[in-house]
Amino acid sequence: MSTAILTGQPVPGSSLEGDLRSLGFEVRIASDVGDVEALLTALPADRRVALVDARFVGHLHALRLGLTDPRFDAAALPGAVTARPAARQALARALAGARAATTGAADNGGATATVVLEDLPDLPGRLAAALEAEDTAVHRPELGSLVATVPTDPQARNEARQAVAAVDDEAIRLKSAVKSRDGFFTTHFISPYSRYLARWCARRGLTPNQVTTASLLTALIAAGCAATGTRAGFVAAGVLLIASFVLDCTDGQLARYSLQYSTLGAWLDATFDRAKEYAYYAGLALGAARYAGPGGHDDVWALALGAMVLQTCRHVVDFAFNEANVGESGAANSSPTAGLSGKLDRVGWTVWLRRMIVLPIGERWAMIAVLTALTTPRVTFVVLLIGCALAALYTTSGRVLRSLTNKGPRSDRATRALVDLADAGPLTEVLTPAVRRVPGGAAPFLAVLGGALVVLAAALWGASWATAAAAAVYVLTSSSAAVARPLTGALDWLVPPFFRAAEYGTILVLAARSEVNGALPAAFGLVAAVAYHHYDTVYRIRGNAGAPPRRLVRAIGGHEGRTLLVAVLAAALTATAFQVALTVLAVAVALVVLAESIRFWVSAGAPAVHDEGEPA
């Protein structure tokens with residue numbers, strides 16, 4: 001339960017009290033500042049409180065945006081200010097300061113001076129400014145055409161009410177439920193109706209987490225249909241994959257429509273998309289082995305794993321570049337290339353063309369669904385790999401150009417984020433003191449050379465001690481690149497994706513070269529478990545919660561330790577034993593990272609974030 005304190009008697013005919021109660025607030029009325037302070041002090045410390053000017057006139061959705069968003073400890077709009085428990089003490093200090101400034105003296109002997117509210121015009125605005133003055137972040141929502149004002153005379157009140165009546169806040173609420181930046185397929189083929197599905201869910205009390213879970217279950221059923229290896233199963237899988245994507249869009253729109261953001265929802269939304277897509281890849285691979293039609297009984301596990309590796313590396317490129325090019329204050333890349341890109345994003349058809357080229361999740365899932373229904377799993381994966389490779393080439397080359405022309409310094413936060421994304425383990429910690437400091441800007445070149453060496457060795461020599469030796473060299477080069485010096489070079493954001501490509505690529509090649517049934521599925525499981533850890537790291541950093549604890553990274557070996565371990569196991573064991581070792585390693589990594597991830601995301605200290613960035 002939340003409490004709203006009206007600063008003064010409600011204006012006759014005002015719907016303010018009813019609006020606040022409809023938003024879940026218990027309404028109290030204060031006649032003077034002493035009453036406000038007494039009410040604020042008496043409220044339980046774990047309760048959200050809002051101070052609202054009794055003369056407020058505005059849309060219900062304006063109050064919803066300003067007073068109920070769970071992501072912000074403090075928020076304000078004209079005529080209202082709110083504080084969650086974390087900002088309650090700051091609000092109390094601001095209120096005491098406002099009263100003291102008006103009376104010209106602080107409390108004496110515990111007595112509270114009486115200050116009528118008329119002596120403190122725009123009390124919520126004063127309190128919001130005081131909160132900001134003591135470095136408490138105050139969220140001020142973009143209201144657009146929504147009305148939120150405090151009229152001071154009858155004529156102004158009448159004009160404000162007419163302005164409220166002239167704007168349909170429900171239409172604005174529905175429109176704002178749709179992601180501000182989305183792909184062509186999502187914008188034109190999903191969102192026009194999924195927003196209404198989101199409203200239908202909201203009116204029936206469904207939560208975004210329930211819709212997210214329904215989307216996951218639908219995708220898993222789609223994967224099961226694909227695994228049947230029949231044409232009917234492939235068609236059903238394609239249809240269900242699109243249905244899962246509709247629900248995937250709906251959960252975010254429901255969260256925005258009803259402002260139901262949560263820590264658990266952030267975790268589910270961040271991880272379920274990948275779980276759905278990669279489970280579907282596995283279903284296609286299983287179905288290919290069973291398919292009795294043309295090109296049937298096909299082994300496409302290497303293609304499925306390759307698609308997962310490529311897609312995950314693409315995301316790491318996105319994450320690392322974005323983290324490297326946003327400063328402490330949130331200032332974006334200011335290079336000339338970034339400026340040109342921004343201009344193109346404002347030029348009609350180029351906006352949609354550029355969004356389609358990167359093959360975001362909507363376009364990608366639509367393509368996979370159609371190809372599954374009409375062709376074979378092999379064709380589906382080959383087309384997917386080609387499309388993702390071209391998209392990766394386009395986005396990465398553009399980002400390299402932006403980085404080379406960006407003269408701005410990299411913030412300490414960005415540097416720390418790149419080190420965390422590198423996922424260096426205990427071997428790097430031990431070897432770093434013995435590694436000579438590398439020249440500035442050399443980190444990405446060391447990373448790509450070391451990674452290319454171990455992957456190439458695996459491709460040429462397979463399970464051999466020569467490959468294990470190459471993995472040892474990779475450990476040394478990765479130690480130099482990741483930790484020996486701060487990642488402040490223009491292209492140092494490429495270090496984490498190079499490490500991902502090296503580790504995943506080594507596992508893929510060694511499993512494929514073993515030519516043992518079950519090796520590639522086991523490698524698929526291992527890469528999926530490790531990729532989950534890397535996605536979990538990304539979303540913790542995005543939520544300003546820092547990377548996973550070092551004990552977790554040490555426990556699962558870091559990228560260099562896992563790469564060396566897999567190479568040594570391949571050289572030391574028989575092919576059959578190697579397949580068993582991959583399976584055991586996959587299960588062990590999955591259990592460790594899932595346990596820590598669940599512990600973090602369901603804890604009270606996890607951040608309530610909601611991703612509004614580019615489509616994944």
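Numbers here are sequence positions counted from 1. Because only heavy atoms are used, hydrogens play no part in the values below, and waters and symmetry mates are left out as well, while side chains stay in. Just so it is clear, the model here is predicted, and its values are computed rather than measured.
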Worksheet item: Is R416 salt-bridged to D420, cutoff N-O under 4.0 Å?
Response: yes
Under 3.5 Å, which donor-acceptor pairs link side chains of residues 135-148 to any protein atom two or more places apart or in another chain?
residue: R140; atom: NE; partner: E132; partner atom: OE2; Å: 3.4
residue: R140; atom: NH2; partner: E132; partner atom: OE1; Å: 3.1

Worksheet entry | 4.5 Å side-chain heavy-atom contact, V358 and R314 | yes
Practice prompt. Might you confirm whether atom CD of Q89 has over 12 heavy atoms from other residues, nucleotides or ligands at distances under 6.0 Å?
Written response: no
With sequence neighbours left out, write down each residue that passes side chain to side chain contact (heavy atoms under 4.5 Å, CB included) with [X], or none if nothing qualifies.
X	value
R204	W200
T212	D251, L268, F272
T415	R410, P486, T488

Discussion item. Against the six-membered ring of F72, is R84 placed for a cation-pi contact (under 6.0 Å from the centre, within 45° of the normal)?
Written reply: no
Item to complete: Quick one: which residue pairs count as a ring pair (Phe, Tyr, Trp, His ring centres under 6.0 Å) with a foot in residues 156-192, not counting sequence neighbours?
Response: F184-H188, F184-W352, F185-F189, H188-W352
Any donor-acceptor pair under 3.5 Å from [X] side chain to [Y] backbone:
X	Y	result
S194	I190	yes
S215	V211	no
R55	V11	no
S262	G265	yes

Worksheet entry | Selection residues 185-199 - residue pairs positive for salt bridge (Lys or Arg N to Asp or Glu O under 4.0 Å), sequence neighbours left out | E170-R199
